[in-house]
Amino acid sequence: MSADDGWSAVPDRAAPDHAGTADVRVQGRPAPQYGEYAPDGWVNPVLAEQERREQARAAQQAAATGAPRTSTAPPTTTASRTPAPARDQAPADGPVAARFGASPADFLLSVMLLAFGLVSVVQSLSVGTVASGVARELELRYTALSDPGALTTAAIVSALGSVVVFVLVAWWSIVRLRRRKRTVWVPLLGGVVATVVTMSAFLTVVMQDGHFMAWLVQHAGS
């Protein structure tokens, strides 16, 4: 085809207008709006300036009247402030720990053993009663001692040893209970130590008694 038949690959441009300027827009398409071909994120500076002025004017009016300034942030919903349900949270590690001792049972048994030990210590302080009771038992089962009064010394040693052992055991038990450690074996150990001290004191006196040793030798072969 030639240019004579009215078709051309070059778009038709309008002739210069009366002002001497040429309309370079392609014929047949509407003029683009302001900012129509702007890249993503582009903001109309005119509208932005107007919005800024309106906000400044509103702030000035609020400061003049003393009214609180309204926030443009979206309101926080109740659901966003509500913490996650307890079932969604991680469970605690094991059962709730006891306040004292490794467990409530450990605490209860430790206290009961300490109370029993305290009663035993109080009874051991009656030195005369303990000495006479031991002398009577020896006389009924074996033979009478030549010097029963020596048992009083053994009773005093036993009482002093029991007091010292109980004080140490009670202190150690309280420390372990406060640290939530297993404590029930501490009073048991203290009872064993106190028994050993008591038996050692009385056996020392009995084995030094001449009458008792003669009876023991006499009845050793029978």
In terms of hydrophobic clustering (I, L, V, M, F, W, Y; side-chain heavy atoms under 4.5 Å; direct or indirect links), are Y142 and V206 co-clustered?
yes

W171 with V193, same ILVMFWY side-chain cluster at under 4.5 Å:
yes

Pairs flagged by ring pair (Phe, Tyr, Trp, His ring centres under 6.0 Å) wherever residues 118-137 is involved - sequence neighbours left out
none

Calculate, to the nearest 0.5 Å, the distance between atoms CD and OG belonging to E137 and S132 respectively.
10.5 Å

Can you give me the closest heavy-atom contact between F202 and A154, atom names plus distance?
CD2-CB, 3.7 Å

In this structure, CG of L177 is separated from CG of L114 (nearest 0.5 Å) by 7.5 Å

Contacts of type ring pair (Phe, Tyr, Trp, His ring centres under 6.0 Å), residue W172, not counting sequence neighbours
W185

Counterpart residues, side chain to side chain donor-acceptor pair (under 3.5 Å), relative to R141 (two or more places apart):
none

To the nearest 0.5 Å, what is the distance between CG on L108 and CG on L113?
9.5 Å

Distance in Å, L125 CG paired with I156 CD1, rounded so as to fall on 0.5 Å steps:
11.0 Å

Would you call E49-R52 a salt bridge at under 4.0 Å N-O?
yes

So the salt bridge (Lys or Arg N to Asp or Glu O under 4.0 Å) pairs with at least one residue in residues 150-179 (sequence neighbours excluded) are none

Nearest heavy-atom neighbours spanning V205 and A150:
CG1-CB, 3.5 Å

Minimum heavy-atom distance R180-R99, with the two atoms named:
NE-O, 3.5 Å

Donor-acceptor list for residues 157-169 side chains, cut-off 3.5 Å, not counting sequence neighbours:
unit_1 : atom_1 : unit_2 : atom_2 : d
S158   : OG     : T198   : OG1    : 2.8
S162   : OG     : S158   : O      : 2.8

Quick note, side-chain hydrogen bond (donor to acceptor under 3.5 Å, both in side chains) partners involving residues 104-129, not counting sequence neighbours, are none

Would L109 and I174 show up in the same hydrophobic cluster when neighbours are defined by side-chain heavy atoms closer than 4.5 Å?
no

